[in-house]
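Contents: one structure, followed by commentary.
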Amino acid sequence: MAAATSGAVLNGLGSSFINGGKKSQALLAGTNRVTSAKKSVVVAALPPKKSWIPAVKGGGNLINPEWLDGSLPGDYGFDPLGLGKDPAFLKWYREAELIHGRWAMAAVVGIFVGQAWSGIPWFEAGADPGAIAPFSFGSLLGTQLLLMGWVESKRWVDFFNPESQSVEWATPWSRTAENFANATGEQGYPGGKFFDPLCLAGTIKDGVYIPDTEKLDRLKVAEIKHARLAMVAMLIFYFEAGQGKTPLGALGL
């Protein structure tokens with residue numbers, strides 16, 4: 001009698017009437033599955049998509065491209081040429097934008113500081129013997145080709161094969177596997193003690209770098225905004241240089 005009652009109870013708990021169908025029955029197989037399913041729903045939720053022209057609602061793919069879903073940091077739907085329709089190209093263009101933006105930010109600071117220190121326009125610094133860098137053009141070019149070529153080739157390989165360059169055989173000195181490992185697990189944002197020594201996007205606990213997702217997401221948006229502004233600034237600097245002017249000169253300094 002007890003066995004029959006127990007069997008009836010188990011059959012009742014497993015019925016589609018109580019569980020709501022086969023999917024709910026599968027979720028009852030273990031607590032971990034229920035938890036993971038709930039987590040996946042939360043992670044999949046994205047913030048409302050922002051527009052680069054907030055006041056305009058129409059315009060189709062010109063204003064609100066369907067291939068840009070707002071998941072990328074700083075994605076405001078600006079792609080009038082449709083360059084990001086292909087997901088593979090979109091990933092590459094974001095990598096290129098990020099790298100060019102970082103170089104542009106470094107260049108803008110270098111142009112202002114270099115001219116303020118030496119008084120030499122940035123577009124003449126390479127040929128002026130009074131410039132800060134005590135190198136000849138040939139030695140500077142050769143060094144840049146060797147060092148930058150090596151670093152960029154590793155970044156290129158790592159883009160198509162993530163984390164392949166953080167192993168010992170890929171680097172010529174010791175402990176580089178630990179230093180160059182991607183601590184955040186996201187392409188273009190390695191983090192870790194080597195790339196985030198100030199722990200702006202994470203913390204170090206017991207000698208191990210632990211990324212902070214909330215801080216990292218906020219810094220991603222801030223970085224890409226500053227990067228875009230720096231690239232526009234560099235474009236203006238080029239036009240000024242064509243007229244023999246400098247940024248400091250344009251500011252009257």
Do F159 and M148 share a hydrophobic cluster, counting only Ile, Leu, Val, Met, Phe, Trp and Tyr and linking them when any side-chain heavy atoms are less than 4.5 Å apart?
-> no

Applying the side chain to side chain contact (heavy atoms under 4.5 Å, CB included) test to L83, which of F89, Y93, W67, W92 qualifies?
-> Y93

Hey, does P73 have a side-chain heavy atom less than 4.5 Å from the side chain of R94?
-> yes

Nearest non-hydrogen partners of I224 and G74, listed with the distance | CG2-CA, 3.8 Å

Rounded to the nearest 0.5 Å, the CD1 atom of I111 sits from the CG atom of L248 at a distance of 9.5 Å

Do L68 and F78 touch side chain to side chain, with heavy atoms closer than 4.5 Å?
-> no

Rounded to the nearest 0.5 Å, the CG atom of L216 sits from the CG atom of D212 at a distance of 8.5 Å

Please name the pair of heavy atoms, one in A227 and one in G101, separated by the smallest distance, quoted to 0.1 Å.
-> CB-CA, 3.5 Å

Answer yes or no on whether K245 is positioned over the face of F237, meaning its NZ or CZ is under 6.0 Å from the six-membered ring centre and within 45° of the axis.
-> no

Could you state whether M105 and Y238 fall into the same hydrophobic cluster, counting links through intermediate Ile, Leu, Val, Met, Phe, Trp or Tyr residues with side-chain heavy atoms under 4.5 angstrom apart?
-> no

What heavy-atom pair brings D75 and S71 nearest, and what distance separates the two atoms?
-> OD2-N, 4.1 Å

Pair L90-D86, side-chain contact (heavy atoms from CB on, under 4.5 Å): steps then yes or no = CA-CA 6 Å; L90 178 60; D86 189 322; over 6 Å; no

Where is the tightest heavy-atom contact between A201 and L219, given as atom of each residue plus distance?
-> CB-CD1, 3.9 Å

So, F112 versus W122, ring centres under 6.0 angstrom or not?
-> no

Nearest-0.5 Å distance that lies between atom NZ in K91 and atom CZ in F160 | 8.5 Å

With a cut-off of 6.0 Å (strictly less than), are more than 12 heavy atoms of other residues, nucleotides or ligands near CZ of F239?
-> no

Could you grab the distance from atom NE2 of H100 to atom CD of E95, nearest 0.5 Å is fine?
-> 11.0 Å

Flag the pair E240 / Q243 as yes when at least one side-chain heavy-atom distance between them is below 4.5 Å, and no otherwise.
-> no

G188 and L98: which non-hydrogen atoms are nearest, and at how many Å?
-> O-CD2, 3.9 Å

How many angstroms lie between NZ in K220 and NZ in K215, if you round to the nearest 0.5 Å?
-> 15.5 Å

Do the side chains of I204 and K193 get nearer than 4.5 Å, heavy atoms only?
-> yes

Y189 six-ring centre to R102 NZ/CZ under 6.0 Å and within 45° of normal = yes

Please walk me through it: do E66 and K85 pass salt bridge (Lys or Arg N to Asp or Glu O under 4.0 Å)?
-> CA-CA 9 Å; E66 58 185 12; K85 288 183 178 180; over 6 Å; no

Can you check whether D217 reaches T213 side chain to side chain, under 4.5 Å on heavy atoms?
-> yes

Given V221 and K225, is the side-chain contact (heavy atoms from CB on, under 4.5 Å) satisfied, shown in steps?
-> CA-CA 6 Å; V221 177; K225 286 182 176 180; 3.7 Å; yes

Distance, nearest 0.5 Å, that separates CG of L200 from CZ of F195 = 14.5 Å

Closest non-hydrogen atoms of V108 and A233, given as atom of the first, atom of the second and distance, are CG2-CB, 4.2 Å

Is the W150-W156 ring centre distance short of 6.0 angstrom?
-> no

Are L251 and V232 joined in one hydrophobic group, where the rule is that I, L, V, M, F, W and Y side chains link up if heavy atoms are under 4.5 Å apart?
-> no

